[in-house]
Amino acid sequence: MGFYTYLFAQLSLFWDRKINKFKRMPNKILIIGACGQIGTELTLALREKHGNENIIASDIREGKEDLMSSGPFEILDAQDLTAIEKIIAKYEVEEVYLLAAMLSATAEKNPMKAWELNMNSLFNILNLAKEKKIAKVYWPSSIAAFGPNTPQENTPQKTLMDPTTVYGISKLAGERWCKYYHQRYGVDVRSIRYPGLISYKTPPGGGTTDYAIEIFHEALKDKKYTCFLSENTGLPMMYMEDAIRATIALMEAPEENIKVRSSYNLAGVSFTPKELAEYIRKEIPDFKIDYAPDFRQAIADSWPSSIDDKQAQEDWGWKLKYNLEDITKLMLKGIAAQK
Ligand code: SER
């Protein structure tokens, strides 16, 4: 491309953006990792809200039919900065939700690969925001950012964090980098420490909290489940619809309300495998559970069992909707309807 052609292209891009702002055109949003457990539902929720053509889904692989057919989709490797930049320019993207990551259990099997994916993808997006190529970033953290010496009950927003998994280390490091980019370069990056997320629409991949999804599938299939965590392992969890609502509320909150630029605690609902089995038994009375804890037990033991999310409530009005009884009913109904 010649210099004048380049200059002309840049100038018209600049004016197009100004005119779009003037016309109040909706922001274009890019979701990276759109085919995953969170990405699928978040993409569909944002498309519903902002119009299909304004939400660009991307992932390293294709996803479910409703996601693929409802709006733009691009194959994208979250570590490939040049490819990300091309898509941002092509669609004039202003906001990025970066959801590509390797979760706790899978990451333990390949620590360096997990570290590279989780960190390189975040730096790609933070640097694009620093260079003002995008205006706003969402990046998820997790209860995994806490560790064995964190207070386990009602874990405060600000507390000791000593994660022992590579996933948790990448989340804690990521939180510090988000805060740094906000403080040093004014990047508008927002984040939530998700509890274990429970959904039936898209399967999760390689997490320690995944038992709380598998259990429903097995309960409907065989009326029995062997849990890879022990019966009294309490962990904070959340129904996906609540998590999506929280994510969108945080991103829409006025900038001055966002007091936490590392990542917000979200409590969700805390329960043990034994308690969950009791709720399932209310719907499927002869459901049976036994326990065969594996390497994921040590991971779960290092995480909090309940979370304090006062700050999210105060700063951007967070309020949970679904309790364990609701989740149990919704999961069983949702999975049954898929068969
Ligand atoms: N659900 C995730 C996992 O179990 C935690 O963020 O890895």
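The figures that follow rest on heavy atoms only: side chains count, while hydrogens, waters and symmetry mates do not. Since the structure is predicted, the reported quantities are computational estimates derived from the model, not experimental observations. When a ligand or atom number is given, it counts from 1 through the structure's own listing order.
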Subject >> Taking atom 5 (C) of ligand 1 as the reference point, the nearest protein heavy atom with its distance >> reply: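 Sorting protein heavy atoms by distance from atom 5 (C) of ligand 1 puts S142 OG, 3.3 Å first.
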
**OP:** Measure the distance from atom 2 (C) of ligand 1 to every protein heavy atom, then report the residue, atom name and distance (to 0.1 Å) of the closest one.
**Re:**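 The answer is T209 OG1, 3.9 Å.
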
**OP:** Name all residues meeting the side-chain hydrogen bond (donor to acceptor under 3.5 Å, both in side chains) criterion together with S58; count only those two or more places apart in sequence or in a different chain, and write none if there are none.
**Re:** none

Original post:
Is there at least one pair of N or O atoms, one from D210 and one from ligand 1, spaced under 3.5 Å apart?
Top reply: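 By distance alone, the answer is no.
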
Original post:
With a cut-off of 4.0 Å, which atoms of ligand 1 are near a heavy atom of T208?
Top reply: 3 (C), 4 (O), 7 (O)

Subject >> Atoms in ligand 1 with a heavy atom of L103 nearer than 4.0 Å >> reply: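 In order of number, 7 (O).
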
Subject >> Positive for salt bridge (charged side-chain N to carboxylate O under 4.0 Å, His left out) with E252, one of K136, K49, R245 >> reply: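 Single salt bridge (charged side-chain N to carboxylate O under 4.0 Å, His left out) partner of E252 among K136, K49, R245: K49.
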
Original post:
Can the positive tip of K171 be found less than 6.0 Å from the middle of the six-membered ring of W139, inside 45° of the ring normal?
Top reply: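 Yes, K171 lies over the aromatic ring of W139.
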
Original post:
When you measure from the centre of the six-membered ring of Y185, is the NZ or CZ of K130 under 6.0 Å away and within 45° of the axis?
Top reply: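 Yes, a cation-pi geometry.
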
Original post:
When you measure from atom 3 (C) of ligand 1 to each heavy atom in P195, A105, S104, which option holds the nearest one?
Top reply: S104

**OP:** Would you kindly specify which portion of W303 sits under 4.0 Å from ligand 1, judged on non-hydrogen atoms: side chain, backbone, both or neither?
**Re:** side chain

Original post:
In terms of side-chain geometry, is the basic nitrogen of E74 or K90 positioned less than 4.0 Å from the acidic oxygen of its partner?
Top reply: yes

**OP:** Would you indicate whether E131, at its atom CD, is surrounded by more than 12 heavy atoms from other residues, nucleotides or ligands within a distance under 6.0 Å?
**Re:** yes

